[in-house]
Engineer: 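Below: one structure in structure tokens.
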There are 2 protein chains.
Amino acid sequence: MLERRRARRRVTSEDVASQAGVSRSAVSRTFTPGASVSQETRDRVLRAAKELGYRRNALARSLTTNSTDLIAVVMGYLSSQYEPYFFGRLTARLQRMHKRALLVHVDDSDEVGVPLLEALSYPVEGAIVAAGSISPETAEECMRLGIPLVLSGRAIEADGVDAVCCDNFRGAQLAAEALVNAKHKRIAYIGGKATIQAEVERSAGVRDGLAAHGLSLFAEERGDFSFESGYRTALTLLRADQPPDAIFCCNDAMAMGAMDAARHTVGLAVPDDVSIIGFDDIPMAAWPGFNLTTLRNPVDEAVDNILDLLQRRIERPNLPPVIRRIRPVMVRRGSAKLAQL
Amino acid sequence: MLERRRARRRVTSEDVASQAGVSRSAVSRTFTPGASVSQETRDRVLRAAKELGYRRNALARSLTTNSTDLIAVVMGYLSSQYEPYFFGRLTARLQRMHKRALLVHVDDSDEVGVPLLEALSYPVEGAIVAAGSISPETAEECMRLGIPLVLSGRAIEADGVDAVCCDNFRGAQLAAEALVNAKHKRIAYIGGKATIQAEVERSAGVRDGLAAHGLSLFAEERGDFSFESGYRTALTLLRADQPPDAIFCCNDAMAMGAMDAARHTVGLAVPDDVSIIGFDDIPMAAWPGFNLTTLRNPVDEAVDNILDLLQRRIERPNLPPVIRRIRPVMVRRGSAKLAQL
DNA sequence: CTGAAAGCGCTTACAG
DNA sequence: CTGAAAGCGCTTACAG
């Protein structure tokens, strides 16, 4: 019975101190790199700590050191193929930096305000927003609380808020140019949800790329970034009297849906009858069945930049806000007929 | 300049108290549901809190209440398609229970010991292990620290450790039976990494299901759960002099790889030339291009059970350990010729 | 209903 | 190098 109650109460530095016959200060010092403790004291403390199973309480510690190593990370359902890939990298890197991710879940298109602010009752050192949308008011509130904010894939103009985004406009321009150079004449676009920044920018980019050659979009549909929506909208495009000879899709999942529609349902060859280009270069894009030509949205580079900006702003909270744009690169695989380089 | 310094220091209950002209106790009470405060005091505190942008510090609070609402969650790179799906659900549910996930990242096949134990310096109320492997020693250590542990998809025998797993053996049996009933004669198996529990159990199950009808595996290959490995090993099977007429794969990703190999590379029709069955029923299995027949590993049911067990053990730490098995269900789509039900 | 005080588990000047 | 003491931001008996 005694055993049981003992198991439940966490061992404290006081326990270790009395077991080792030293003060709590000595215990604290042995676990603080660089603090001055004699070898003998240190050994006794270490021994006692081991016997008792002591682990210092990071929270109690943070109360005095004022550093928690906690970073709030806002994520959604990870339902796209891109998100989990990004997220896995991000959390791995965070851990390597000895920071801990405190998760905030938001339904994908919700404003992050309430759940994020709730999470901020834990004294995090910063927050990374990689899902949902964030209002200027929420950003302002974080600023007031002194919590540095870094947005991923979404940018707003606000003091103390940094962002890293793919250069979506440029990427879509590249896709349009490559398609035009390969003599495609009827270039269609399948967009994502109109409220999402990536859609706005990619949509503008493809139009701009076409306009530079005196062309405009031959046809256009709107999906919701899901495979299914790519499949469905591609069907509409490909069954028209005049089908497109190329489709640029706002993300890879929709591009894959479009490939499926062309090949399995309409009976068209890709890329011989229709070229298809996606965006993101998720791992699945390289699968032989898809072998998708796409614009790579470089995950590691994005993660590096996010962490770098966060660090910077933790150290110097009053820096002017920055938006870093990551250059996408064209990955040529088999789903589009493109001119030789 | 003063402004700046003010922004950096977090507003405390002391600040609110003096602004409102009340004691810290009063502040604490207004934020503690059910505590007795007069309406007037409450109003003044609320007003002051709002003006100052006060948010009570969950960590400082936890020091006295002894409850942090923090749950450590061990995850990997989310590289399979199943993991992010599972993980998104888990964190959503956790948040709805007003628990916060503290993330622990492990490289997928590593032992979780070091990173998990490090995370436990934060006073979490429990831990969920959904990636990596866990040694009895690590489990024992968690037990000593009084941290309830629930494993997902992996089971070990240890006091104070609960687990929820798919009934993999049963699922694989079902696949074997369905294939035999549909008169397949040459049934092959593509396994996953031999060290993973799901592989061990699914492999045993398919053999058992076959043996019940006097059959045994016609051929066998080993992949690593990735699409690529399914593709590669299926190629070997299908290019043999005597190819199988059915392939059961240890997970959906490999089954999709096998489908791709059959259709795009070898030129075989699925299911007319070869039936293919996967395991898990990841969202992608339903995509038209795959339309994969598979065993559903029910995510929501798993999550419910994990959370239920965790709750139970937090309340009653000394309960005997339990392993809950979730029944998989056969999802009949188009990738396998099966007998009518 | 309210406030002064003790306490949660730690760290860090301070004095020795 | 070491320990006693104060303090981090909160909560909770206790007394009024």
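Naming: A, B, ... by sequence-line order, numbering from 1 per chain. Values below: every heavy atom of this structure, side chains too, minus hydrogens, waters and symmetry copies.
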Engineer: Does A/Asp162 come within less than 4.0 Å of A/Arg324, counting only side-chain N to carboxylate O?
Structural biologist: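 A/Arg324 and A/Asp162: not salt-bridged.
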Engineer: State plainly whether the residues A/Glu40 and A/Arg44 are in salt-bridge range, i.e. N to O under 4.0 Å.
Structural biologist: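 A/Arg44 and A/Glu40: salt-bridged.
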Engineer: Could you tell me which non-hydrogen atom of A/Pro148 sits nearest to which non-hydrogen atom of A/Ile314, and how far apart they are?
Structural biologist: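 Answer, listing the atom of A/Pro148 first, then A/Ile314: CG-CG1, 3.9 Å.
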Engineer: Does B/Pro123 offer a backbone N or O that forms a donor-acceptor pair with the side chain of B/Thr68 under 3.5 Å?
Structural biologist: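 Yes, B/Thr68 side chain to B/Pro123 backbone: donor-acceptor pair under 3.5 Å.
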Engineer: Parallel, tilted or perpendicular for A/Phe87 and B/Phe87, by the 30°/60° rule?
Structural biologist: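 Ring orientation, 0 to 90° scale: tilted.
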Engineer: Under 3.5 Å for both distances, Watson-Crick or G-U wobble, that's the pair rule; now give the dot-bracket for DNA chain D, with | marking pairs to another strand and [ ] for crossing ones.
Structural biologist: |||.||||||||.|||
Engineer: Rounded to the Å, how far apart are A/Asn57 CG and D/dC8 P?
Structural biologist: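 In whole Å, D/dC8 P and A/Asn57 CG are 18 Å from each other.
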Engineer: In whole Å, I'd like the distance from the CZ atom of A/Arg10 to the P atom of C/dG9.
Structural biologist: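 Answer to the nearest Å: 10 Å.
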Engineer: At under 4.0 Å between heavy atoms, how does the protein contact nucleotides 11-16 of chain D? Give one character per nucleotide, 5' to 3', with B, S or -.
Structural biologist: BBB---
Engineer: Identify the two heavy atoms, one from B/Leu94 and one from B/Ile71, that lie closest to each other, and give their separation to 0.1 Å.
Structural biologist: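 Smallest heavy-atom distance, with atoms named: CD1-CG1, 4.5 Å.
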Engineer: Nearest whole Å is fine: how far is D/dC8 C1' from B/Leu63 CG?
Structural biologist: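 Interatomic distance, CG of B/Leu63 to C1' of D/dC8: 9 Å.
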Engineer: So, is A/Thr12 close to the C/dC8 phosphate, meaning a side-chain N or O under 4.0 Å from OP1 or OP2?
Structural biologist: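 A/Thr12 to C/dC8 OP1/OP2: no side-chain N or O under 4.0 Å.
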Engineer: Could you check whether the rings of A/His105 and A/Tyr77 sit parallel, tilted or perpendicular, using 30° and 60° as the cut-offs?
Structural biologist: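 Ring orientation, 0 to 90° scale: perpendicular.
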Engineer: Expressed as a whole number of angstroms, how long is the span from B/Gln39:CD to C/dT2:C1'?
Structural biologist: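 Checked: the CD to C1' distance equals 16 Å.
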Engineer: Whole Å only: how far is the CD atom of B/Glu40 from the P atom of C/dG3?
Structural biologist: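 In whole Å, C/dG3 P lies 11 Å from B/Glu40 CD.
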Engineer: Without decimals, in angstroms, what is the distance between A/Glu14 CD and C/dG9 P?
Structural biologist: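 Atom-to-atom, A/Glu14 to C/dG9, this comes out as 10 Å.
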Engineer: Do the ring planes of A/Phe86 and A/Tyr82 sit parallel (below 30°), tilted (30 to 60°) or perpendicular (above 60°)?
Structural biologist: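 Parallel, since the angle between the ring planes stays under 30°.
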Engineer: With a 4.0 Å cut-off, would you call B/Arg47 and B/Glu51 a salt bridge?
Structural biologist: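 Between B/Glu51 and B/Arg47 there is no salt bridge, as every charged N stays at least 4.0 Å from the carboxylate O atoms.
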Engineer: Tell me which of B/Asn66 and B/Ser36 sits closer to the 5' end of DNA chain C, going by the nucleotide each one is nearest to.
Structural biologist: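 Between the two, 5'-proximity favours B/Ser36.
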